[in-house]
Amino acid sequence: MDIFVHFKSIIVDILTDMGHADLDFSRINTEPPRDKSHGDIATNAAMVLAKPLGLKPRDLALKIAESLQTNADIEKVDVAGPGFINISVADGFYTSRFAEIVARKEQFGKPEANGKKLILEFTSANPTGPVHIGHVRGTVFGDSLANLLQWSGYDVFREYYVNDAGGQIVTLARSAFLRYRECLGDDIGQIPQGYYPGEYLKPVGQDIVDKFGDKLKSMPEAEWLPLIRDLVMSSMMKMIKQDLELLDVKFDNYFSESELHASGAIDKSLADMRARGLVYEGVLPPPKGQLPDDYEEREQTLFRATDWGDDIDRPLIKSDGSYTYFAADIAYHRDKYMRGFNEQIDVLGADHGGYVKRLKAIVRAVSNDEAELDVKICQIVKLVKNGEVQTMSKRSGNFITLKELHSEVGKDPIRFMMLYRKNEAPLDFDYDKVTEKSRDNPVFYVQYAHARVHSIMRQAKETLANFDMDEFDFTKANLALLTDSSEIGVIKSLLNWPKTANVAAEFHEPHRISFYLYELAAQFHSLWNKGKEMPQLRFIVSEDEELTHARLALVRSVAYILKAGLDILGVNTPKEMR
RNA sequence: GCCCGCGUAGCUCAGUUGGAUAGAGCAUCGGAUUUCUACUCCGAGGGUCAGGGGUUCGAAUCCUCUCGCGGGCACCA
């Protein structure tokens, strides 16, 4: 139970008792004050409600404070500044609340299922090559956000949109065909400009040889292309899935774009939109700035995106008569809505920032404002090695792949560091730092805190008679014995976990979890260090078993919450780090 | 030109969707330091929250303008 929610409800009760049940309580905040000397909880209740009641904020605050004073969990109430009510909570309250963590363990603060379905689309890397550094951040972000939303009670569906329609797949097939000829002994020379040059297509060339022998060589392209197209696609997807497994990412579904074309879903969604008057024939104003070389003004079939918040209406049909990518996107998001997803999230790369408005417009339009889409943009990642930024060139296909990155640093640093920054802020990924065993390296620092808990438990098993972490019932510990300010400090942080996680879920911001975990780890390490100078604060006090049990309950609880958080991030929780 | 994001300590960044004297880590400076297997620890200094104007009891946060950086701007996927 979130203690801030708890105290807010107490305040609401007081106001209700005062006869103000009809007020809008939603603007009341209960939160930790910036300045610790102001107590544990500050509320703006009086300032927010003074006006509708025709009272001065301070007068109302004093009234509320008077009632709060009678609450046994509250040690002290002050009215300060323009009308803040500062509450100091009795230590006994914390230790009694803390009992809930000891009882619920990793589940502490986890809300009940809310019965809502949500679809999260992420990664969606083009199926033309391996997963590379450009996809990693969005992948980790999306997967962890999915975990986070599951934690907070959503029924989450992870989906990968496979862009398997259009020209790039033809190019891919042609590139594979070159490798096929190479396998048959032809000298193919340099891979031509515009083709996919990567080595990863060589085994595909061999696969084609194995399946078709040399008979494709003499065929015209129109005949061999459909034959090898599916083969190339499926081996690309297989490769991508293997790459994603390196990060422990699994999708519930891979949604094929070409399927939308083939099944008539695009025709259907377009017909539906026409029927609703969302489509018209018209001429767009030419784009500002540099005009494309082959620009020609013409009448097009347009979606009235501007009616739904976009800047400009969007074309649905290309000059050759086929559907635009955008038309497929409409059908796709419509399909998600038809599947019952009224909450949708798309995770995109920084280069797709310009798509946010039109995507939101799509979801609003196809659902007639019943569904909502949030688009999260992940900024680029700069790889830093030996203090230098690693440059990559897209033309040569010289991307650092996930596989390479993974083989150098492993899963945990990748996942943690990709989430150790707000998604819309650029991120430097430092190869050297993430493998360092020091406080500078947040991954190590947090994981080490978890390992340290287990180390202490092993130590306790040796020192104490009849103690085994897995069998000991920590709920029997006398938690009221935890009275030192730094112990209470750790308890307070642990009790903040539900609020942190719920806010992170609400705003779709998993990075808040990593920052919280880092702070919790720092606090725990600091408490451990205190025991060096003040032996009476050590966790294991051999002459006082009762106190030791209480402290071990605290130590154990740190690991519960670290695990709850690291599970959301998808980072391992080692029991030792030797 | 237009749209989106960003601009916070010397550096890298948080900032609980409007709260009180704006925080953390690194770096700098000043002390302490051989252990519950492990990362040393404690403290201090450091700010025009890019800049101007506005909204109100109160703004890093909301509105507006300016500057700077990044991304995007018919039909590609």
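A note on names: the letters A, B, ... follow the listed sequences, proteins ahead of strands, and every chain is numbered from 1. The structure displayed is predicted, hence computed values, not measured ones.
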For [N] versus [M], give the span between their [atom1] atoms, rounded off to a whole number of Å.
{"N": "B:C26", "M": "B:C39", "atom1": "P", "value": "15 Å"}
{"N": "B:A22", "M": "B:A38", "atom1": "P", "value": "39 Å"}
{"N": "B:G19", "M": "B:C65", "atom1": "P", "value": "24 Å"}
{"N": "B:G72", "M": "B:G25", "atom1": "P", "value": "37 Å"}
{"N": "B:G52", "M": "B:G46", "atom1": "C1'", "value": "26 Å"}
{"N": "B:G23", "M": "B:A14", "atom1": "C1'", "value": "7 Å"}
{"N": "B:A60", "M": "B:U17", "atom1": "P", "value": "15 Å"}
{"N": "B:C11", "M": "B:G5", "atom1": "C1'", "value": "22 Å"}

Would you say [X] places a side-chain N or O within less than 4.0 Å of OP1 or OP2 belonging to [N]?
{"X": "A:S526", "N": "B:U40", "value": "no"}
{"X": "A:K357", "N": "B:C3", "value": "no"}
{"X": "A:K422", "N": "B:A14", "value": "yes"}
{"X": "A:H511", "N": "B:G15", "value": "yes"}

Just to be sure I understand the rule, does [X] reach a base, reach only the sugar-phosphate, or reach nothing, if contact means heavy atoms closer than 4.0 Å?
{"X": "A:G353", "value": "nothing"}
{"X": "A:N86", "value": "base"}
{"X": "A:N44", "value": "base"}
{"X": "A:P426", "value": "sugar-phosphate"}
{"X": "A:N126", "value": "sugar-phosphate"}
{"X": "A:P82", "value": "base"}
{"X": "A:R458", "value": "base"}
{"X": "A:R314", "value": "nothing"}
{"X": "A:A449", "value": "nothing"}
{"X": "A:T324", "value": "sugar-phosphate"}
{"X": "A:A451", "value": "base"}
{"X": "A:A80", "value": "base"}

Identify the pairs formed between an N or O of the protein and an N or O of nucleotides 58-60 of chain B at a distance under 3.5 Å, and give each distance.
from	atom 1	to	atom 2	distance (Å)
B:A60	N6	A:R34	NH2	3.1

In whole angstrom, give the distance that lies between atom [atom1] of [X] and atom [atom2] of [N].
{"X": "A:F515", "N": "B:A14", "atom1": "CZ", "atom2": "P", "value": "5 Å"}
{"X": "A:Y445", "N": "B:G25", "atom1": "OH", "atom2": "C1'", "value": "10 Å"}
{"X": "A:Y323", "N": "B:C75", "atom1": "OH", "atom2": "P", "value": "17 Å"}
{"X": "A:E296", "N": "B:C75", "atom1": "CD", "atom2": "P", "value": "14 Å"}
{"X": "A:M417", "N": "B:C13", "atom1": "CE", "atom2": "C1'", "value": "11 Å"}
{"X": "A:E509", "N": "B:G15", "atom1": "CD", "atom2": "P", "value": "6 Å"}
{"X": "A:D346", "N": "B:A77", "atom1": "CG", "atom2": "P", "value": "19 Å"}
{"X": "A:K530", "N": "B:A32", "atom1": "NZ", "atom2": "C1'", "value": "16 Å"}

Can you figure out which of [options] approaches the side chain of [X] most closely?
{"X": "A:K51", "options": "B:C57, B:C6, B:C39", "value": "B:C57"}
{"X": "A:L284", "options": "B:U35, B:A74, B:A14", "value": "B:A74"}
{"X": "A:K318", "options": "B:C76, B:U40, B:C39", "value": "B:C76"}
{"X": "A:E31", "options": "B:G19, B:G25, B:C6", "value": "B:G19"}
{"X": "A:E257", "options": "B:A38, B:A77, B:C75", "value": "B:A77"}
{"X": "A:N529", "options": "B:U40, B:G19, B:C36", "value": "B:U40"}
{"X": "A:R421", "options": "B:U17, B:A38, B:A14", "value": "B:A14"}
{"X": "A:R512", "options": "B:A77, B:G15, B:A20", "value": "B:G15"}
{"X": "A:K499", "options": "B:U17, B:A74, B:U16", "value": "B:U16"}

Strand partner of [N], provided both Watson-Crick or wobble distances fall under 3.5 Å:
{"N": "B:G46", "result": "none"}
{"N": "B:C13", "result": "B:G23"}
{"N": "B:U61", "result": "none"}
{"N": "B:G70", "result": "B:C4"}

Answer yes if the side chains of [X] and [Y] hold a donor-acceptor pair under 3.5 Å, and no otherwise.
{"X": "A:N423", "Y": "A:E509", "result": "no"}
{"X": "A:K318", "Y": "A:T324", "result": "no"}
{"X": "A:E281", "Y": "A:T301", "result": "yes"}
{"X": "A:D24", "Y": "A:S26", "result": "yes"}
{"X": "A:Q300", "Y": "A:Y280", "result": "no"}
{"X": "A:H333", "Y": "A:D346", "result": "yes"}
{"X": "A:R421", "Y": "A:H511", "result": "no"}
{"X": "A:T30", "Y": "A:T43", "result": "no"}

A:Y295: side-chain hydrogen bond (donor to acceptor under 3.5 Å, both in side chains) partners, not counting sequence neighbours
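Partners of A:Y295 under the side-chain hydrogen bond (donor to acceptor under 3.5 Å, both in side chains) test: none.
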Would you call A:Y448 stacked on B:A38, i.e. ring centres under 5.5 Å apart with the planes less than 30° off parallel?
no
Polar side-chain contact A:Y355-B:A77 base: donor and acceptor under 3.5 Å
yes
According to the interplanar angle, ranging from 0 to 90°, do the rings of A:Y516 and A:W497 count as parallel (below 30°), tilted (30 to 60°) or perpendicular (above 60°)?
tilted
Taking the nucleotide of RNA chain B with the closest heavy atom to each, which residue, A:D311 or A:Y420, is nearer the 5' end?
A:D311
Which residue lies toward the 5' end of RNA chain B, A:R298 or A:Q379, if each is placed at its nearest nucleotide?
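Residue closer to the 5' terminus by nearest nucleotide: A:Q379.
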When rounded to the nearest 0.5 angstrom, what is the spacing between NZ in A:K76 and CG in A:D40?
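Taking NZ in A:K76 and CG in A:D40, the distance rounds to 10.0 Å.
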Partner residues of A:F416 under the ring-ring contact (aromatic ring centres under 6.0 Å, His included) criterion, sequence neighbours left out
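A:F416 satisfies ring-ring contact (aromatic ring centres under 6.0 Å, His included) with A:Y420 once adjacent residues are dropped.
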